[in-house]
Every structure is written in C-alpha cells, then in structure tokens.
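Take a look at the structure set out below.
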Amino acid sequence: KSWGAGSRDVVWIGLALYMPRSLQEQAVKTIAGYLNTQSSTKVYFLSEDIFDAEDQVDGIMTNEQKTAGFMEVIDGLPLKGKYTLIENACGCIAPLVFAKCAQLEHAMFLNPIGWFSEEFVNSAGFMGMMRKVDEHGSIYKNKETEKCLDIFGSFMFTRTSGDVAKARELYRESLQGASSSFFAVSGGLCVDTRAMTGCYSDLPRWGDVPLTLVCGAYSPTLLVQDTIARIQEHAQQGSIRFIPNSKQWWEVEGKVQLDAVASIMLDALQA
C-alpha cells in the first residue's frame, strides 16, 4: 500500500509486535495523510503480506527470511533518491536499516525489542522470559486465536475495563482476517528474540544519517527502553523520543498516541 505524493519518500516496515496488518494500516494511513499535507510526502507501507505461504519454514518465519524479503521489495520500489526508512518491526529488520544507511536521509525505529545485556542473557531471568516467549510463539504458530486474546493486554496502554473490552473485540476481528504470514511472523518471534542480542551486536557502524529512536513512555524497560539506549550507543548518535501514555501498541491506543507519532515523524522529515 502507498499513500500521498510528493518529492519525499517514506518506506514504513510494519511488523509491530503480534499486531495484524489491518490494525497497523489505518494508523499509518492517517499519519501518511498528515505528512503529505505538511511536507509533500509519499508513504509506502510494507507488512507481513509481502510474504507467501512458501516462505514459511515449519510454520514460522525467521529474521533472515524477513530481512531478505523486505530488501527485495524495497529495491523494487520507484523511490526518488534518498528516503526515510521506518522500522516498526520489533527491531527484527535492524540489519536491513543499517545496510541501507547510505541510501537514507533519515531512519527511525519504533519500539524495537530484545537487545539485552550479556549478564541478563546468561541469567535465570532470561530463561524464564524465553519460556514465556516460546509459549506465545506456539500460540500464534498454531493460530490459537482465543489464547491470543489473553496476551494482547500486556502491550496496550488502557485506562478502563471498557477500553480493554473494546480493544479485545477489535483484536478478535483483526485476528479473524489475518493472513497465514502474520501467524508465521508472530510465531517466529520465539526464535528471533533468542538471537536478537547477537544480531544487534553484529550491526555495522552507522553513518551520518539522522536517527530517531521512539518508544512508548510505559513500554517495558528491559525489553524496549534498554534496547533503544543500546542502539543509540552503538550508532553513536540518535535522538530518543517517547510516546505519551503508551506501552507498545500506539497504533490502537488512541488519538493522543497517534498524534504524537505523527508529530515525531514530521520533526524527522523536517530535521
């Protein structure tokens, strides 16, 4: 999908944590409309739907498969010179972002996860986390949608029980229409999370391209905010921005969160 027209291009990779394309697409479309009116921008939105069933191995997709698939699609887009690349894919496509650095005018990560300290990786806490991640991975791999509904609340900022009930039904509807690729990508996170620290550590040097690192103000410190800080340290640059009243699912948390991301995006384009 793409929206807008103009002299500037944005490529948005959307593989938000356990979130089907339909929930992401409306948020990105809204932001694209805002950006186009403010800065004459075209937004290309890429999601799990670029993949086919044959791309799956044992019902899941790995980081390597996802990176290669998005790389091929981006290389085929009619981009007008340098562009802005948005990684809203849990950090799983970080190698692609770093590999494309020289072609970018700006890069942004939204809620990346999984860059842990060596001490934590070797701890009982990490093993406990991986057992929970394995459990989640099995649920999505096997398309157990009712059990998926018991997971989503951990990722979304809500104020009332009514908000939770409304979000639950919204998520139920999106799962019913989700592609097999969504479940394969989500199921593969159990493999990806184990490998993420090593994957981040092996990233090449970052260039002079401006970098914006974005996360929810209430996102998990260990999983998300520490990852943001380590990417910044590795890149030796980058501004950190927080989405107010947000955990990880800003796309469906409300207008305040959506407006905040749109504002951060516009700041990046105008930097």
Side-chain angles (χ1 to χ4, degrees), residues 1-16 19-56 61-112 178-182 184-185 188 199 203-204 206-214 231 235 238 251 261-262 264-271:
K1 292 286 185 74
S2 64
W3 303 279
S7 58
R8 311 183 76 171
D9 291 321
V10 171
V11 177
W12 189 302
I13 300 177
L15 292 180
M19 183 181 289
R21 174 196 55 77
S22 61
L23 292 185
Q24 300 179 65
E25 186 174 303
Q26 185 56 52
V28 178
K29 183 178 180 181
T30 300
I31 290 175
Y34 172 72
L35 294 178
N36 191 47
T37 61
Q38 298 294 316
S39 63
S40 185
T41 302
K42 182 163 188 172
V43 177
Y44 295 90
F45 175 61
L46 311 180
S47 70
E48 69 270 7
D49 286 353
I50 71 164
F51 302 110
D52 298 318
E54 55 265 28
D55 295 322
Q56 302 170 23
M61 293 190 64
T62 64
N63 279 353
E64 291 79 6
Q65 291 172 291
K66 288 178 282 188
T67 297
F70 283 117
M71 183 78 78
E72 181 178 356
V73 172
I74 291 173
D75 287 345
L77 293 175
L79 301 171
K80 300 176 287 293
K82 293 193 174 185
Y83 59 97
T84 294
L85 181 57
I86 312 297
E87 207 273 20
N88 190 25
C90 302
C92 294
I93 316 298
L96 183 154
V97 179
F98 275 69
K100 292 289 189 183
C101 181
Q103 301 173 30
L104 305 180
E105 63 175 4
H106 203 110
M108 182 180 296
F109 285 87
L110 283 158
N111 287 316
S179 66
S180 63
S181 294
F182 162 74
V185 167
C199 178
L203 291 173
W206 186 251
D208 296 328
V209 175
L211 178 65
T212 303
L213 305 164
V214 185
I231 293 175
E251 294 92 337
V261 174
I264 292 169
M265 279 289 310
L266 184 61
D267 288 347
L269 290 173
Q270 294 180 341

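The chain is numbered in sequence order, starting from 1.
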Side chain to side chain contact (heavy atoms under 4.5 Å, CB included) between Phe45 and Glu25, worked out: CA-CA 8 Å; Phe45 175 61; Glu25 186 174 303; 4.0 Å; yes

Apply side chain to side chain contact (heavy atoms under 4.5 Å, CB included) to the pair Asn88 and Trp12, showing each step before the final yes or no. CA-CA 7 Å; Asn88 190 25; Trp12 189 302; 3.6 Å; yes

Test side chain to side chain contact (heavy atoms under 4.5 Å, CB included) on Leu79 and Gln103; report intermediate values, then the result. CA-CA 10 Å; Leu79 301 171; Gln103 301 173 30; over 6 Å; no

Please step through side chain to side chain donor-acceptor pair (under 3.5 Å) for the pair Asn36 and Thr41, ending with a clear verdict. CA-CA 5 Å; Asn36 191 47; Thr41 302; 5.9 Å; no

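Note: Met108 CE to Asp267 CG = 8.5 Å, rounded to the nearest 0.5 Å. Remark: Gln270 CD to Leu266 CG distance equals 4.0 Å, nearest 0.5 Å. Distance check, rounded to the nearest 0.5 Å: OG of Ser47 to CG of Leu23 gives 11.5 Å. For the atom pair CG of Leu77 and OG of Ser2, the computed distance is 9.0 Å after rounding to the nearest 0.5 Å.
Glu87 places a side-chain N or O within donor-acceptor distance of the main-chain N or O of Ile93, the cut-off being under 3.5 Å. Between the side chain of Gln24 and the backbone N or O of Glu251, no donor-acceptor pair lies under 3.5 Å. Thr37 places a side-chain N or O within donor-acceptor distance of the main-chain N or O of Tyr34, the cut-off being under 3.5 Å.
Val28 places none of its side-chain heavy atoms less than 4.5 Å from the side chain of Tyr44. The shortest distance between side-chain heavy atoms of Leu96 and Leu85 falls below 4.5 Å. Between Leu15 and Cys90, every side-chain heavy-atom pair lies at or beyond the 4.5 Å cut-off. At least one side-chain heavy atom of Glu105 sits under 4.5 Å from a side-chain heavy atom of Arg8. Contact check for Ile231 versus Pro112: side-chain heavy atoms found under the 4.5 Å cut-off. Looking only at side-chain heavy atoms (C-beta outward), Ile13 and Ile86 stay at 4.5 Å or farther from each other. Residues Lys100 and Tyr83 are in side-chain contact: their nearest non-hydrogen atoms beyond the backbone lie under 4.5 Å apart. Side chains of Leu104 and Thr84 form no contact here, defined as non-hydrogen atoms less than 4.5 Å apart.
When all heavy atoms are compared, the tightest approach of Ala178 to Pro20 is CB-CB, 4.2 Å. Considering every non-hydrogen atom in both Cys101 and Val209, the closest pair reads O-CG2, 3.2 Å. Closest of all the heavy-atom pairs between Asp49 and Ser179 is OD1-OG, 2.9 Å.
A salt bridge does not link Glu48 with Lys66: every distance from a Lys NZ or Arg NE/NH1/NH2 to an Asp or Glu carboxylate oxygen is 4.0 Å or more. By the 4.0 Å N-to-carboxylate-O rule, Lys42 lies too far from Asp9 to be salt-bridged with it.
Here the two rings, on Phe70 and Phe51, have centers that are under 6.0 Å apart.
Between Phe109 and Phe98, the two ring planes are tilted [angle within 30° to 60°].
His106 pairs with exactly one of Thr212, Leu211, Leu269 by the side-chain contact (heavy atoms from CB on, under 4.5 Å) rule, that one being Thr212.
Counting non-hydrogen atoms of neighbouring residues, nucleotides and ligands closer than 6.0 angstrom, the CG atom of Asp75 exceeds 12 such neighbours.
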